[in-house]
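First comes the structure, then the notes that go with it.
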Amino acid sequence: MPAKKRILITSALPYVAGVKHLGNLVGSMLPADIFARFCRARGHETVAICATDEHGAPIELAALEEGIGPREFCDKWHAVQKKLGDDFGLAWDNFGRSSSPANHELTLHFARQLWKNGFLELKTTKQAYSPTDGRFLPDRYVIGTCPHCGYERARGDQCENCTRVLDPVDLIHPRSAVSGAQDVEIRDSTHLFLKQSQFAGKLRNWIESHKQDWSPVVTSIAFKWLDEGLRDRGITRDLEWGIPVPDDIADGALKGKVFYVWFDAPIEYIAATKEWADRNGKDYRDWWQGPASSSEAVGQTKKDVTYWEFMGKDNVPFHTVGFPVTIMGSGEPWKLVDRLKGFNWLNYDGGKFSTSGKRGIFMDKALEIAPADVWRYYLIANAPESSDSNFTWEHFAGVVNKDLADVLGNFVLRVTKFCVARFDGKLPGEGVYGDEEKALIAELDRRIKTYTDYLEAADFRKAMGELRAIWVAGNEYLTRAAPWTHIKTDRDRAAIGVRMGLNLVHVFAHLTWPVMPELAKTIHLAIQPVGYANGVVPWVDDDTAAALDSLIPGQPITPPEVLVTKITDEQVEELKARFGGAA
RNA sequence: GGCACCGUAGCUCAGUGGUAGAGCAGGAGAAUCAUAAUCUCUUGGUCGGCGGUUCAAAUCCGUCCGGUGCUACCA
């Protein structure tokens, strides 16, 4: 086993409003959880953090529409997301909320540091305002006729019809998307701007240093922002719901305004870690802060911590520019991300998953169709790592039926059932492993090493390909060992095949646990009715030979029920019809 | 409009300078322990088009076509 390390893992925060779709899941929360489970299985001291992102105009407006307060609105949806996360086996050490007291406190801390250090300045901007609504309107909440193509429902930031970038003042007959009021006017509004441009050099050096361990999609997005020239960014908004700007910043000039959601959301990673640490008698600074008062120590921590972030590519700019500037500008030794794992998009049947268009599959509906573990395996085995990937029901059914039902599920059943039929349901101890077994051990030794390396690098598609190859190796072995033939003439030889088969099942359960925790548990219980501490199934030791001869002869074997139910062609047709969406 | 990424077998995808790969699907055979599940062998591709660099290009450069995304006040 490797030396124990501290691993800090954060998943991009799901926006609190609404149920997330599978594209959101596979791009951040699921890989973060699989990676966290893998790290825990290897014995690393691991903290996995996620939270709901609870600020921003959409929440304030959605709450208004429902006739409830934003706090109440967030309470409701946070509970929904927490439940769905639990149902999908997302085992966070803390699933926090960006509206928490801890995040208010830390966000103000960072803002004050930035203000004190001169990295914030006041600027007056022109902003659409609706007297009827009594509020400023973000650009996309102003709707009107596109001056280029005449489309009547063009948004103030971009026309969906001709894709041109717009400014709200460009629109003909502008009106509020909130109320439809046509009295939209332009007013001055003063805001705090973060001087990102001053950090361009530092950021570039930092990102350069990660060219080898971040994927091209991440570095290319980061460099694109730098190459275009970093602009200072407004970090406050004219909203009521959010973290209020305190009077001691800018002498109260920003009374009644709140921090921009993207300013406070990443800080919630730290705040949620603090909540976890406080509850567990630990110090969050061991995970996030370096030696006190050393500006050279940015990026370092007191302990040896490796910090991993998981996110979809839309989040990359905020994690390679915005949040790092907040940290650097604080002048304090906070931890910067070490490994930034970005994902492309999962498409649905050739088009986009769309929350607003209700197109695609959402977390709650997915669980009505197949168990969480089935989705976990399918999604991560086909994760959009190097480019966008495409979901189709045929593909889903093919992978579930072949990989999970046939290759893995059937293997567990054929071995355990044969043991019951011919060896009285007790693990047979007769015979000694021979050449066939030694060859298998050598192959698995190599494959487990490869699988481990891929997971350590968070290279998920390749890891799942290797895991599948490990399952296949089990079937290949069993065909060669053919205990069903030898049982007729050589009981000891048949016993060897069954014993190895059962040990394989046992090892499969361990290797599968980070990806499919519930299924792994079921498989494990079929042959080894002993649980593990804290629900963590440990990784397989480097000694593969020992791992494949670890079960005690005589112990009872109980074949499980069918592990993975197949998806029929008829069901595929039904699902296509049901989830087709407006193409 | 600008920029970025992508275009490899019927499908989903590896492969980033040195004789085209995997899984699935398709074809042939073996086995019969098992969810008719498994195992073996096997048919498929002028690597989007054109031009260039090179002894050598899927890989580097240019250009065109097609797809997707971003464009900083959605998150």
Side-chain angles (χ1 to χ4, degrees), chain A residues 12-17 53 55-59 125-128 136-142 148 155-158 162-165 167-168 189 191 196 216-217 220-221 223-225 227-228 230-234 236-238 260-262 265 312-318 321-322 344-345 347 350-352 355-356 381-382 385-392 394-396 398-399 401-403 405-407 409-422 461-462 465 468-469 472 474-485 487 494 497-498 501 559 561-566:
Chain A
L13 308 187
Y15 202 57
V16 73
D53 179 10
H55 295 136
I59 289 165
T125 59
K126 305 277 184 195
Q127 186 67 44
F136 282 97
L137 298 170
D139 288 358
R140 69 164 38 195
Y141 287 96
V142 182
H148 303 288
R155 290 192 319 232
D157 57 345
Q158 183 167 29
C162 67
T163 75
R164 281 188 213 239
V165 176
D167 199 273
S189 181
H191 286 287
Q196 296 189 142
V217 67
S220 70
I221 290 170
F223 282 128
K224 185 197 142 203
W225 276 58
D227 291 343
E228 287 180 358
L230 279 186
R231 281 174 253 165
D232 298 338
R233 183 165 194 132
T236 51
R237 293 292 183 272
D238 291 292
Y260 175 40
V261 57
W262 262 115
K313 60 185 172 186
D314 55 330
N315 274 245
V316 168
F318 302 103
V321 177
N344 289 281
W345 304 124
N347 288 319
K352 274 194 294 185
T355 302
S356 54
N382 297 284
E385 283 182 304
S386 60
S387 65
D388 294 352
S389 69
N390 193 33
F391 177 92
T392 64
E394 286 90 345
H395 192 240
F396 174 68
V399 169
N401 293 348
K402 187 69 182 174
D403 292 8
D406 296 347
V407 175
N410 181 58
F411 180 78
V412 174
L413 290 198
R414 68 194 295 211
V415 173
T416 52
K417 285 192 176 179
F418 189 78
C419 179
V420 166
R422 297 295 190 156
R461 287 183 86 116
K462 287 178 177 165
R468 183 187 186 284
V472 167
N475 280 303
E476 290 171 358
Y477 166 78
L478 209 59
T479 298
R480 292 195 298 271
W484 48 86
T485 303
I487 190 73
V498 172
E561 295 299 307
V562 166
L563 286 169
V564 177
T565 309
K566 291 203 198 189

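All values below were derived from every heavy atom in this structure, side-chain atoms included, with hydrogens, water molecules and symmetry-related copies excluded. Just so we're on the same page: letters track the sequence lines, and every chain starts at 1.
B/rU16 and B/rC61 have their C1' atoms separated by 14 Å, given to the nearest Å. Across the C1' atoms, B/rA36 and B/rU68 are found 42 Å apart, a figure rounded to whole Å. Rounded to whole Å, the separation between the C1' atoms of B/rU53 and B/rG17 comes to 12 Å. With C1' as the reference atom, B/rA58 and B/rG7 are 11 Å apart, rounded to whole Å. Nucleotides B/rA56 and B/rC70 are separated by 38 Å at their C1' atoms, to the nearest Å. Nucleotides B/rG29 and B/rA22 place their C1' atoms 23 Å apart, quoted to the nearest Å. Atom name P, nucleotides B/rA20 and B/rG44: the rounded distance is 15 Å, in whole Å. Nucleotides B/rG27 and B/rC64, compared at atom P, are 45 Å apart to the nearest Å.
Judged by distance alone, the side chain of A/D388 and the main-chain N or O of A/W345 form a donor-acceptor pair under 3.5 Å. A donor-acceptor contact shorter than 3.5 Å is absent between the side chain of A/N382 and the backbone of A/S389. Side-chain atoms of A/D232 come within 3.5 Å of backbone N or O of A/Q196 as a donor-acceptor pair. Between the A/T125 side chain and the A/S189 main chain, a donor and an acceptor come within less than 3.5 Å of each other.
For the pair A/D403 CG and B/rU12 C1', the computed distance is 11 Å after rounding to whole Å. Distance, A/L478 CG to B/rU35 P: 14 Å, rounded to whole Å. Per the geometry, CG belonging to A/D314 stands 13 Å off P belonging to B/rC74, to the nearest Å. Nucleotide B/rA75 holds its P atom 11 Å from the CG atom of A/D139, rounded to whole Å. Counting to the nearest Å, the C1' atom of B/rU35 and the CZ atom of A/F418 are 18 Å from each other. A/D167 has its CG atom 13 Å from the C1' atom of B/rU71, to the nearest Å.
A/F136 comes within 4.0 angstrom of no nucleic acid atom, judged by non-hydrogen atoms across all strands. Residue-level contact check: A/T565 touches neither bases nor backbone, having no heavy atom under 4.0 Å from any strand. If you check every strand for non-hydrogen atoms under 4.0 Å, A/D238 touches nothing. Residue contacts shown for A/V472 are limited to sugar-phosphate atoms, with no base heavy atom under 4.0 Å away. At the heavy-atom level, A/P483 lies nowhere under 4.0 Å from the strands shown. Heavy atoms of A/R461 sit under 4.0 angstrom from primed sugar atoms or phosphate atoms, though from no base atom. At a threshold of 4.0 angstrom between heavy atoms, the contacts of A/G234 with the nucleic acid are absent. Using a 4.0 Å heavy-atom cutoff across all strands shown, A/L563 reaches at least one base atom of the nucleic acid.
Anti is the glycosidic conformation of B/rG52, whose angle departs from 0 by more than 90°.
Judged by Watson-Crick or G-U wobble contacts below 3.5 Å, the nucleotide B/rU32 has no partner. Across all strands shown, B/rU16 remains unpaired; no Watson-Crick or G-U wobble contact has both distances below 3.5 Å. Pair check for B/rU53 finds none; no Watson-Crick or G-U wobble contact set falls under 3.5 Å. Figure legend. B/rG7 is base-paired to B/rC65; pairs are counted as Watson-Crick or G-U wobble with both atom distances under 3.5 Å. Checking B/rC74 for Watson-Crick or G-U wobble geometry (two distances, each under 3.5 Å) identifies no partner in any strand. Pairing for B/rC47 is absent, with no Watson-Crick or G-U wobble pair whose two atom distances lie under 3.5 Å.
Between A/F318 and A/W262, the two ring planes are parallel [angle under 30°; tilted spans 30° to 60°].
With hydrogens and angles ignored, no donor-acceptor pair under 3.5 angstrom links the side chain of A/D406 to the base of B/rA37.
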Please walk me through it: do A/V261 and A/R237 pass side chain to side chain contact (heavy atoms under 4.5 Å, CB included)? CA-CA 9 Å; A/V261 57; A/R237 293 292 183 272; over 6 Å; no

Side chain to side chain contact (heavy atoms under 4.5 Å, CB included) between A/R233 and A/Y260, intermediate numbers included: CA-CA 10 Å; A/R233 183 165 194 132; A/Y260 175 40; 3.4 Å; yes

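With its ring centre under 5.5 Å from that of the base six-membered ring and a plane angle below 30°, A/W484 counts as stacked on B/rC33.
For A/K402, a side-chain nitrogen or oxygen approaches OP1 or OP2 of B/rU38 to under 4.0 Å. Between A/N382 and B/rU12, a side-chain N or O to OP1/OP2 separation shorter than 4.0 Å is absent. The phosphate of B/rU35 has OP1 or OP2 within less than 4.0 Å of a side-chain N or O from A/K417. Residue A/R468 places at least one side-chain N or O under 4.0 Å from the OP1 or OP2 atom of B/rC24. Contact annotation: A/K462 reaches the phosphate of B/rG15 (side-chain N/O to OP1 or OP2, under 4.0 Å). Residue A/K566 places at least one side-chain N or O closer than 4.0 Å to OP1 or OP2 of B/rA37. Listed pair A/R414 / B/rC33 fails the phosphate criterion, with no side-chain N or O lying under 4.0 Å from OP1 or OP2.
Closest to the side chain of A/V564, out of B/rA75, B/rU35, B/rC5, is B/rU35. For A/N475, the listed nucleotide lying nearest its side chain is B/rU38; candidates were B/rU38, B/rA72, B/rC74. Checked against B/rA34, B/rU38, B/rC74, the side chain of A/R140 finds its nearest nucleotide in B/rC74. In this structure, of B/rA34, B/rC33, B/rU12, it is B/rA34 that holds the atom nearest to the side chain of A/L413. Listed candidates were B/rU38, B/rC74, B/rC13. Nearest to the side chain of A/N390 is B/rC13. Closest contact between the side chain of A/N410 and the listed nucleotides B/rU35, B/rG69, B/rA72 involves B/rU35.
Toward the 5′ end of RNA chain B lies the nearest nucleotide of A/V217, the other residue of the pair A/V217 and A/E385 mapping further downstream.
Residues A/D238 and A/H191 meet the side-chain proximity criterion, which asks for heavy atoms closer than 4.5 Å.
Contact between A/L478 and A/P483 at its shortest, heavy atoms only, is O-CD, 3.9 Å.
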